[in-house]
Every structure is written in C-alpha cells, then in structure tokens.
Colleague: 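Provided herewith is a single structure, encoded as structure tokens, for subsequent inquiry.
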Amino acid sequence: MKIIVSADYIEMSRLAAAHLARLIRENPKIVLGLPTGSTPLGMYRNLVEMHKQSKLSFKGVTSFNLDEYIGLRPGHKNSYRYYMYENFFKHVDILEHNINIPDGNSEDLEQECIDYEKKISDAGGIDLMILGLGSNGHIGFNEPADHFPVATHVTELDESTIQANARFFDSIDQVPRLSITMGIGSIMRCRQILLLASGKAKARAIGAALEGPVTPKLPASILQFHPDVTVILDADAASQLTRLL
Ligand code: GLP
C-alpha cells in the first residue's frame, strides 16, 4: 500500500487527477470505477481542465460507477447519475455507450445487480477503482456489517450515512434508505485501487482502515489485503495515522 499525504484538499485533488491521467495515457482503453461524494469533486475538476487544455482524452475510456441511490426519479439532482454528468461526463469526450451507472429505478433490482456484474466482467474487469470513504469506514455503500458482500447488491444505508448525506437534500426524510452498490468482492477484483480522503471527519476511519484489524465492521479495512492500493490523503485525514508516517 502506498500512502501519500498531501498538504490540503487542493493538492490531494491535483495528485489524484495526475495519477488517473498517467494511467489513461499508458492505457487509453482503461476501464475505470468511479466514485461520487464531495471528496472526488476536485479531482473531476482537474480532469475536466486537463481535457479542455487538450491534454487528456477519455474517448477510449469505459467507466463503471460504484453505486447509486434507489428510488430517486430519473434526473433527480441528488442522483449519482446527475452528479456524474454535471461534474464530469458532460465536460469531457467520454462516449455515452461506455458510461455505466447502476439503475436505481430498475423494476427488477436483483437482475440489475447481476447484469451490472456481467457488464463489468464483459468489459474485462476494472483496471482502476477510485474510492472515497464514509466516516464510518464504508466504501461505495458497503456499510459496517458482519460480512463482506461479494458482488453488486441492494443494501440499506446506515443511519450515520443517511445523516451525513442529508446535507445534499432539503430534509433528512428525502434521503433514500436503499442503494445499489458494487460489493466488497467487486472492489477487491479491481486491478488497482486509489483511495481518497480529506478532512478531520475522515481521520478516525482512515486510521482504523489502514492500521487497524481487517473487519467487515470497518469495510475499508479490507483494502489492506489488496495488492495494489494507493491512498492519497490530506494532512487532516492522515492525522490519526501512526505507524505509517
Ligand atoms: C457516500 C458514497 C460513497 C462516498 C462517501 C463519502 O455515501 N456512497 O461512495 O465515498 O459517501 O462521501 P464524501 O466524499 O462526500 O465524504
């Protein structure tokens, strides 16, 4: 595991974009796993800027989003689909047919999960998965549990996640209770992982995930078992790491 501690959010975002850009240049047909949330926004802004300056093309790139809320109407401003188009896809040259996001409005959610896993494997698997981190240690919507989910599945949001994500909604009652997420197994099958975290609110989860025991009670801790993980933190998120600094 390679851990990079940057000074602040701006530098973390620049380093994350540079990491991704390097891999796209090495393999223009790269298959990416993409996250949402506040953390990767700066990385997406940097990538859009690189694209506008004609320094980076996404034409050959295939993407798979990590997760999506269940039950938000199509086009809802809090859906992850909306977030991805607004913050990234509509500003770059990625091809529409190479974009994959779980459909949280599918009439058959179980089938949607099976189909999503099949699409990932038909694409040859994910080369680089980029992850944010919940303050309870969740990745995607894999919440603290008594087991590690193997594949894409429907899951209930933790009460603490509902509260954390309420800031994007008019009221807490509007936060969906369910989501579709890639499983821990889907994440561990990705060839490389880039984990991003910024801010004091993530410090405890980062400390536990990188230095504590591997346990489904802190889902991100499983990344200790992955052979190719890069972690980019800002100083606040790194502030509870001891051994590795
Ligand atoms: C959400 C998403 C995660 C994300 C996490 C952290 O619940 N499902 O994929 O990593 O929250 O979000 P933020 O970056 O806004 O702190």
Side-chain angles (χ1 to χ4, degrees), residues 6 8-10 12-13 16 33-45 65-73 76-84 86-88 101-102 104 129-149 152-184 186-187 193-212 215-223 231-241:
S6 58
D8 54 21
Y9 180 76
I10 292 174
M12 181 204 76
S13 304
L34 295 177
T36 50
S38 313
T39 309
L41 278 175
M43 176 192 74
Y44 288 132
R45 273 196 292 271
N65 262 81
L66 187 57
D67 49 11
E68 177 61 289
Y69 289 118
I70 289 178
L72 293 183
R73 60 173 165 70
H76 192 290
K77 70 175 175 46
N78 287 123
S79 71
Y80 288 165
R81 171 172 289 276
Y82 183 89
Y83 168 110
M84 288 307 300
E86 284 306 302
N87 294 303
F88 188 45
I101 303 174
M129 177 85 227
I130 305 167
L131 296 172
L133 179 72
S135 47
N136 63 359
H138 75 232
I139 43 180
F141 273 125
N142 292 280
E143 299 282 22
D146 55 10
H147 70 291
F148 290 114
T152 300
H153 61 289
V154 171
T155 187
E156 251 176 74
L157 273 59
D158 214 63
E159 195 48 46
S160 65
T161 303
I162 292 169
Q163 278 170 23
N165 293 2
R167 68 190 192 278
F168 299 112
F169 292 80
D170 294 335
S171 81
I172 197 163
D173 306 333
Q174 291 176 13
V175 185
R177 267 42 190 170
L178 295 175
S179 73
I180 295 190
T181 181
M182 283 187 204
I184 293 294
S186 332
I187 293 169
I193 292 186
L194 174 62
L195 173 68
L196 306 177
S198 120
K200 279 251 182 293
K202 303 291 170 71
R204 192 199 60 82
I206 281 292
L210 306 190
E211 295 183 341
T215 164
K217 298 201 183 323
L218 202 115
S221 63
I222 192 78
L223 299 176
V231 185
I232 307 181
L233 306 170
D234 68 2
D236 282 343
S239 59
Q240 288 191 27
L241 286 176

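On a predicted model such as this, the values are computed, not experimentally measured, just so you know. Start at 1 with the first residue, then count along the sequence.
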Colleague: So do the side chains of Y80 and P102 get within less than 4.5 Å of each other, counting heavy atoms only?
Modeller: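 They are not in side-chain contact.
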
Colleague: For K217, which residues count as a salt bridge (Lys or Arg N to Asp or Glu O under 4.0 Å) partner, sequence neighbours excluded?
Modeller: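 Here no residue qualifies.
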
Colleague: Indicate the atoms forming the closest heavy-atom contact of F168 with K77, along with that distance.
Modeller: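 Distance-wise, the nearest heavy atoms are O-NZ, 4.0 Å.
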
Colleague: Report the distance from atom NE2 of H153 to atom CD1 of I184, rounding to the nearest 0.5 Å.
Modeller: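 If I round to the nearest 0.5 Å, the distance is 8.0 Å.
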
Colleague: Identify the heavy atoms of Y9 and T39 that sit nearest to each other, and give their distance.
Modeller: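 For Y9 versus T39, the nearest heavy atoms are OH-O, 2.9 Å.
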
Colleague: Flag the pair I139 / L66 as yes when at least one side-chain heavy-atom distance between them is below 4.5 Å, and no otherwise.
Modeller: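 I139 vs L66: side chains apart.
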
Colleague: Does the side chain of L131 reach to within under 4.5 Å of the side chain of L223, using non-hydrogen atoms?
Modeller: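 Yes, at least one pair of side-chain atoms sits under 4.5 Å.
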
Colleague: Apply side-chain contact (heavy atoms from CB on, under 4.5 Å) to the pair L194 and M129, showing each step before the final yes or no.
Modeller: CA-CA 6 Å; L194 174 62; M129 177 85 227; over 6 Å; no

Colleague: Looking at CG of N136 and CG of L218, how far apart are the two atoms once the value is rounded to the nearest 0.5 Å?
Modeller: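 Answer rounded to 0.5 Å: 7.5 Å.
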
Colleague: Looking at every heavy atom in both M182 and T152, which two are closest together, and how far apart are they?
Modeller: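 Nearest pair, atom of M182 first, then T152: CA-OG1, 3.6 Å.
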
Colleague: Evaluate the criterion side-chain contact (heavy atoms from CB on, under 4.5 Å) for residue pair N142 and I222; output intermediate values, then yes/no.
Modeller: CA-CA 11 Å; N142 292 280; I222 192 78; over 6 Å; no

Colleague: So, taking the atom named CD1 in I162 and the one named CD1 in I172, what distance separates them when rounded to the nearest 0.5 Å?
Modeller: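 Taking CD1 in I162 and CD1 in I172, the distance rounds to 7.0 Å.
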
Colleague: Kindly compute the distance separating CG (N78) from CG (L72), expressed to the nearest 0.5 Å.
Modeller: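 Reported value, rounded in 0.5 Å steps: 6.5 Å.
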
Colleague: If I compare all heavy atoms of P144 with all of P219, which pair ends up nearest, and what's the gap?
Modeller: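 Result for this residue pair: N-CG, 3.7 Å.
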
Colleague: Please test Y83 against L41 for side-chain contact (heavy atoms from CB on, under 4.5 Å), starting from the C-alpha separation and ending with a verdict.
Modeller: CA-CA 10 Å; Y83 168 110; L41 278 175; 3.5 Å; yes

Colleague: Does any non-hydrogen side-chain atom of P216 lie less than 4.5 Å from one of D146?
Modeller: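 In short, these two side chains do not touch, never coming nearer than 4.5 Å.
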
Colleague: Are side-chain heavy atoms of Y44 and P35 found at a separation under 4.5 Å?
Modeller: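 Result yes, sub-4.5 Å side-chain heavy-atom pair found.
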
Colleague: How many angstroms lie between atom CG of L233 and atom CG of L210, to the nearest 0.5 angstrom?
Modeller: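 Spacing of CG (L233) from CG (L210) equals 6.5 Å.
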
Colleague: Mind checking what makes side chain to side chain donor-acceptor pair (under 3.5 Å) contact with E68, not counting sequence neighbours?
Modeller: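 Partners of E68 under the side chain to side chain donor-acceptor pair (under 3.5 Å) test: none.
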
Colleague: Say you draw a straight line from CZ of F148 to OG1 of T215; how long is it, rounded to the nearest 0.5 Å?
Modeller: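 Those atoms lie 6.0 Å apart.
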
Colleague: Show me the donor-acceptor pairs within less than 3.5 Å that the side chains of residues 197-207 make with the rest of the protein, sequence neighbours left out.
Modeller:
residue	atom	partner	partner atom	Å
S198	OG	D234	OD2	3.4
K200	NZ	D236	OD1	3.4
K202	NZ	L133	O	2.8
R204	NH2	S135	O	3.4

Colleague: Tell me, with the steps shown, if H138 and D158 meet side-chain contact (heavy atoms from CB on, under 4.5 Å).
Modeller: CA-CA 9 Å; H138 75 232; D158 214 63; 5.8 Å; no

Colleague: What pair of heavy atoms forms the shortest contact from T155 to T181, and how long is it?
Modeller: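 Scanning both residues, the minimum pair turns out to be CG2-CG2, 3.7 Å.
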
Colleague: Does atom CG (L178) have a neighbourhood of more than 12 heavy atoms from anything else shown, all under 6.0 Å?
Modeller: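 Yes, enclosed.
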
